[in-house]
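Structure record follows, encoded as structure tokens.
Because the structure is a prediction, the values reported are computed rather than measured. Throughout, a chain's letter reflects where its sequence line sits, starting with A, and its residues are numbered from 1.
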2 protein chains.
Amino acid sequence: MTNLRAKHKQDRNLRIVEAAAELFRRVGYEGARIEEIAGMAEVSVGTIYNYFQNKGEVLVAIVSMEVHEVLAAGLRIIAKPPKNVGKAIDALIATYIEHSLVYLSKEMWRQAMATSTQQPDSPFGKAYSALDRELANQTCSLIMKLQQQGSARGEIDARSVGELLFNNMNMMFIEFIKREDMTIKELLTAIHRQNRTLTLAIAK
Amino acid sequence: MTNLRAKHKQDRNLRIVEAAAELFRRVGYEGARIEEIAGMAEVSVGTIYNYFQNKGEVLVAIVSMEVHEVLAAGLRIIAKPPKNVGKAIDALIATYIEHSLVYLSKEMWRQAMATSTQQPDSPFGKAYSALDRELANQTCSLIMKLQQQGSARGEIDARSVGELLFNNMNMMFIEFIKREDMTIKELLTAIHRQNRTLTLAIAK
DNA sequence: TTCTAAACTTGAGTCAATTCAATTTCGGAG
DNA sequence: CTCCGAAATTGAATTGACTCAAGTTTAGAA
């Protein structure tokens, strides 16, 4: 039995993340005590701090799993996007946003974003930024794909446009998670309206 | 001597904010102990918590002063914007961003943004959102002004375009404060590039 | 098999934000 | 001028995240 050590490590890591995910969902991020997470994961408090720099990082680890699913869903849209530029962009954005609340509550998103802003250089702060960059890249890829399909003008800079669309969506998503009463539908409608001028300008 | 109570209140509030501002600047947000802020302000720890819900809110109060200055500077640009659409937008954005680091360090911005995301419903969380909205409105106003001046197409939706431009800038600003090595110049160049397709589309 | 050092875990202790019951101060009615 | 209750202040006590010195486990060399 080689690498018993590595196996234990993986086990403990998983147990910590799962315990935290359940507690966060049940009592919220602030309500979850590290000591209780440790108890549920059958690990000591110190061990949690051996795996994660602080409480926020445990949450960002959960976010990271969620975003990976979002990225996978995004890939499927890009593989076969609607011909119409506006519809294609709407489809990608709707996919991102509808997937975003499957595992995470608005409160969890708020905490995760706050942590990644507060500590951009911590391991998970970096991981979070990397995920954001991947999502932005995916948005740029969609624009390029639309250019290849002949539905978007070839002369526009796909990267700039993709970043602009992604940043706007991201900022609107932040507003969305800050407002407990805002619905996904309202969010999507608002973003669609904001994008309209630009999508008309890049459509062929 | 009527309203001695109100006067004391105002005095203490000011002393707390000024003490905090100095300490934050000198030792950073994390390094500033509430007890020391209290000492400098000649107030007890409890009193600080009577005026502010928590440490983060003290910082957001400082940010709020800074943003009010930014808004005033923005007004001056809108009063007499460059004729060229691209130049006008660049000018407004440059004004915002160059003013943003006068009193606040990147670290202070990170903390303030984190707090306002974490606690959107606290008094200062709301104040922060309101300021953001005012800035967005100002950006929309610039677009409308450009339409009136005849430099931007009349048929575009100024509000949508303004929000899109502002949200992109805001998101880029967040990236900027997360990266200690990124310069204002780099930031402005990146935003300019992202805006180009849209500004070309709305220019007459 | 036995031993050693490196890697990992542990939980009592530290530290700093936040709370709250007791105390003080203020406005104005009598 | 005196006194009462509301409003504000106070700082010792509480709370909970985080640390670190001591103890335990594992890989693999002898």
_Among C:dT18, D:dC18, C:dC8, which nucleotide has an atom closest to any side-chain atom of A:Asn50?_
C:dC8
*Provide, to the nearest angstrom, the distance between the OH atom belonging to A:Tyr29 and the C1' atom belonging to D:dA17.*
9 Å
_Please report the distance, rounded to the nearest Å, between CD in A:Gln111 and P in D:dA17._
12 Å
*asked:* Expressed as a whole number of angstroms, how long is the span from B:Glu35:CD to D:dA12:P?
replied: 9 Å
*To the nearest Å, give me how far apart CG (B:Asn54) and P (D:dT15) are.*
19 Å
*Which whole-number value in Å describes the distance from B:Gln119 CD to C:dA17 C1'?*
12 Å
_If I take atom CD in residue A:Glu30 and atom P in nucleotide C:dT18, what distance separates them, rounded to the nearest angstrom?_
10 Å
*Quick one: which of D:dA17, C:dT18, C:dC8 gets closest to the side chain of B:Ile34?*
C:dT18
*With a 4.0 Å cut-off on heavy atoms, is B:Ala38 in touch with a base, just the backbone sugar-phosphate, or nothing at all?*
nothing
_Please pick, from D:dT10, C:dG11, C:dT19, the nucleotide with the shortest atom-to-atom distance to any side-chain atom of B:Thr47._
D:dT10
_Phosphate OP1/OP2 of C:dA17 contacted by B:Arg33 side-chain N/O (<4.0 Å)_ = yes
_Main-chain N/O of A:Pro120 paired to B:Arg179 side chain as donor or acceptor, under 3.5 Å_ = no
_Please confirm whether the shortest side-chain N or O distance from B:Ser44 to OP1 or OP2 of D:dT9 is below 4.0 Å._
no
_Salt bridge flag under 4.0 Å for residues A:Glu180 and A:Arg110_ = yes
*Quick one: pull up CD in B:Glu163 and CG in B:Asp157 and give me the separation to the nearest 0.5 Å.*
8.0 Å
_Short side-chain N/O contact from A:Tyr49 to OP1 or OP2 of D:dC18, under 4.0 Å_ = yes
*For atom CZ of B:Arg153, decide whether the heavy atoms of other residues, nucleotides or ligands shown that lie under 6.0 angstrom number more than 12.*
yes
_Separation between CD1 of A:Ile143 and CZ of A:Phe166, rounded to the nearest 0.5 Å_ = 13.0 Å
*Among the nucleotides C:dT9, D:dA17, C:dT18, which one has an atom lying closest to any side-chain atom of A:Arg12?*
C:dT9
*Using atom CD1 of B:Ile37 as one end and atom P of C:dA17 as the other, report the distance to the nearest whole Å.*
8 Å
*Integer-rounded Å distance: D:dA8 P and B:Gln10 CD*: 14 Å
*asked:* For C:dC8 and A:His8 - does any side-chain N or O of the residue sit under 4.0 Å from the phosphate oxygens OP1/OP2?
replied: no
*Can you figure out which of C:dC8, D:dT19, D:dA8 approaches the side chain of B:Lys9 most closely?*
D:dA8
_As a test of reading the structure: which of D:dT9, C:dT9, D:dT26 is closest to the side chain of B:Tyr51, going by heavy atoms?_
D:dT9
